[in-house]
Amino acid sequence: MSLLELLQKRRSVRVFDPEKPISQEEVRRCIEMATLAPNSSNMQLWQMIHLVDPKWKEPLTRACLGQSAASTAQQWVVFVTRQDLYRSRAKYILAFEKNNIATYSPESRKAKRIADREVYYGKIMPFLYGRFFRVFGLIRVLMVEVMGLFRPVVREVSESQMRAVVHKSCALAAQTFMLAMAEKGYDTCPMEGFDSKLVKKMLDLPRGTNINMIISCGIRKEEGIWGERCRVPFDQVYEIK
Ligand SMILES: Cc1cc2nc3c(=O)[nH]c(=O)nc-3n(C[C@H](O)[C@H](O)[C@H](O)COP(=O)(O)O)c2cc1C
């Protein structure tokens, strides 16, 4: 399938066929592909929880407000933001990048590049992702306001804005997953209509995590697609300057 065909095939499916099973292993492979999505500072502050046991159907459907996209699915993938892991992720990436630089950078640049990475992942990332009842965010906002008087700066650094940063990257992984599934001939439905408190409790998710989307998986029944695809005219979303 070409990319265009894939994009046209992917629809949000609200009713899946119980007679058509999907492979746990194939879905796992699609999740693995999802981790290739671009993401902010490569921090990979995400986790994908693959629910395969039928025992999840009843509580998950309830948490998803009884949606048929949840109740008729065979497997579900919960995309979770893991901002709480920022320290360990930064540490991991720093170690990897140091090795990358040692292997691929010209000798004359190595020391400077390693020092830059150490500041970025060792200091800036922990500073940006840290949270403490909005106080850290407020300090960051004040700092960038002052710095912004002298040079261009990234201004979205409050605690809620950093949460949005993490969600953005996680959503890109979710979309990558849905396209990978479409390529395998599988269908999906992304959902944000759920009670996050119930889902977090059900999955025993730690504090500091959030649910980005729940994606139900299966193979469509024709009535599972609600009619023609609706998109506003392209000229209303496209601007050339
Ligand atoms: C973040 C997000 C949340 C969504 N939540 C739900 C949902 O809870 N239930 C549902 O049936 N569809 C949900 N959808 C699917 C959208 O309604 C669907 O993508 C949109 O109508 C366009 O249709 P298409 O996906 O077939 O192109 C969601 C989609 C996204 C991206």
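Values in this document were obtained by computation on a predicted structure and should not be read as measured data. Indexing begins at 1, ligand by ligand and atom by atom, following the structure's order.
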Between [X] and [Y], does any side-chain N to carboxylate O distance fall below 4.0 Å?
X	Y	value
Arg28	Glu32	yes
Asp84	Arg82	yes
Glu118	Lys98	yes
Arg109	Glu107	no

How far is [atom] from its nearest protein heavy atom, and which residue and atom is that?
atom	value
atom 15 (C) of ligand 1	Ser12 OG, 3.4 Å
atom 22 (C) of ligand 1	Arg231 NH1, 3.5 Å
atom 9 (N) of ligand 1	Gln67 OE1, 2.7 Å
atom 1 (C) of ligand 1	Glu192 OE1, 3.6 Å

Counting each atom of ligand 1 from 1 as listed, which ones have a heavy atom of [X] under 4.0 Å away?
X	value
Arg14	10 (C), 11 (O), 12 (N), 15 (C), 16 (C), 17 (O)
Gly193	8 (O)
Arg10	24 (P), 25 (O), 27 (O)

Under 4.0 Å, heavy atoms only, figure out whether ligand 1 is touched by the backbone of His167, its side chain, both or neither.
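Answer for His167: neither.
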With heavy atoms only and a cut-off of under 4.0 Å, state how Ala69 meets ligand 1: side chain, backbone, both or neither.
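Under 4.0 Å from ligand 1, Ala69 contributes no heavy atoms.
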Would you say atom 20 (C) of ligand 1 makes contact with the protein, given that contact here means a non-hydrogen protein atom less than 4.0 Å away?
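It does not; no protein heavy atom is within 4.0 Å.
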Report yes if some heavy atom in the side chain of Asn39 is under 4.5 Å from a heavy atom in the side chain of Leu45; otherwise report no.
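Asn39 does not reach Leu45 side chain to side chain.
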Tell me whether the rings of Phe136 and Phe132 are parallel (<30°), tilted (30 to 60°) or perpendicular (>60°).
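Phe136 vs Phe132 ring planes: tilted.
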Among the heavy atoms of Pro190, does any lie under 4.0 Å from an atom of ligand 1?
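Pro190 counts as a contact of ligand 1 under the 4.0 Å cut-off.
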In Å and rounded to the nearest 0.5 Å, what is the CD1 to CD distance from Ile139 to Glu159?
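If I round to the nearest 0.5 Å, the distance is 9.0 Å.
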Quick check with a 6.0 Å cut-off and a 45 degree axis cone: is Arg117 positioned over the face of Tyr120's six-membered ring?
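Because its charged atom sits under 6.0 Å from the ring centre and within 45° of the axis, Arg117 does stack over Tyr120.
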What about Arg11: any of its N or O atoms under 3.5 Å from an N or O on ligand 1?
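Yes; the residue has a nitrogen or oxygen that sits under 3.5 Å from a nitrogen or oxygen of the ligand.
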